[in-house]
Amino acid sequence: MTHVVCEPCFNCKYTDCVVVCPVECFYEAEQILYIHPDECIDCEACVPECPVEAIFHEDNVPDEWKDYTALNAEMAPQCEVITEKKEPLADS
């Protein structure tokens, strides 16, 4: 099981979630974060830390954002791991 970063993260990219992740499974793209599904241990520590409520358990991803499950799996391996908090994007 894994958690998925969805649409609300796009163009805001708060990083409160990455500092509580015990396995460092967050990856940073230019405009969004991703969770690597093979690394996530389903601890849910990140969920309450997300101020825009962008992180969902894969079984609870809203229908309109179901594509983000595959997108996280595809994009996380192509991005750099992020473990420290950064300033959110200006649009947030």
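- Heavy-atom minimum distance, Lys85 versus Val19: N-CG1, 3.5 Å.
- Side-chain contact annotation: Asn72 with His36, donor-acceptor N/O pair under 3.5 Å absent.
- One finds the SG atom of Cys6 at 9.5 Å from the CG atom of Leu71 (value rounded to the nearest 0.5 Å).
- Residues Val52 and Tyr14 share a closest heavy-atom pair of CG1-CE1, 3.8 Å.
- Within a 6.0 Å radius of CG in Asp67, other residues, nucleotides and ligands contribute 12 heavy atoms or fewer.
- A side-chain donor-acceptor contact under 3.5 Å links Gln78 to the backbone of Glu74.
- For Glu84, the CD atom counts as loosely surrounded, since its 6.0 Å shell holds 12 or fewer non-hydrogen atoms of other residues, nucleotides or ligands.
- Closest non-hydrogen pair, Glu58 versus Thr69, comes out as OE1-CG2, 4.5 Å.
- Note on Leu89 and Phe10: separate hydrophobic clusters, where clusters join Ile, Leu, Val, Met, Phe, Trp and Tyr whose side-chain heavy atoms are under 4.5 Å apart, directly or indirectly.
- Taking 4.5 Å as the limit, some side-chain heavy atom of Phe56 sits within range of a side-chain heavy atom of Trp65.
- Nearest heavy-atom pair, Glu53 versus Pro8, reported as atom, atom and distance to 0.1 Å: O-CG, 4.0 Å.
- The 12-atom threshold is exceeded at CD of Glu64, counting heavy atoms of other residues, nucleotides or ligands nearer than 6.0 Å.
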Can I get a per-line list of side-chain donor-acceptor pairs under 3.5 Å for residues 20-35, giving both atom names and the distance, sequence neighbours left out?
from  : atom 1 : to    : atom 2 : distance (Å)
Tyr27 : OH     : Glu39 : OE1    : 2.8
Tyr27 : OH     : Glu39 : OE2    : 3.0
Glu28 : OE1    : Lys86 : NZ     : 2.7
Glu28 : OE2    : Lys13 : NZ     : 3.0
Gln31 : NE2    : Asn11 : OD1    : 2.8

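- At least one side-chain heavy atom of His57 sits under 4.5 Å from a side-chain heavy atom of Asp42.
- Smallest separation of non-hydrogen atoms from Pro37 and Thr2: CA-OG1, 3.4 Å.
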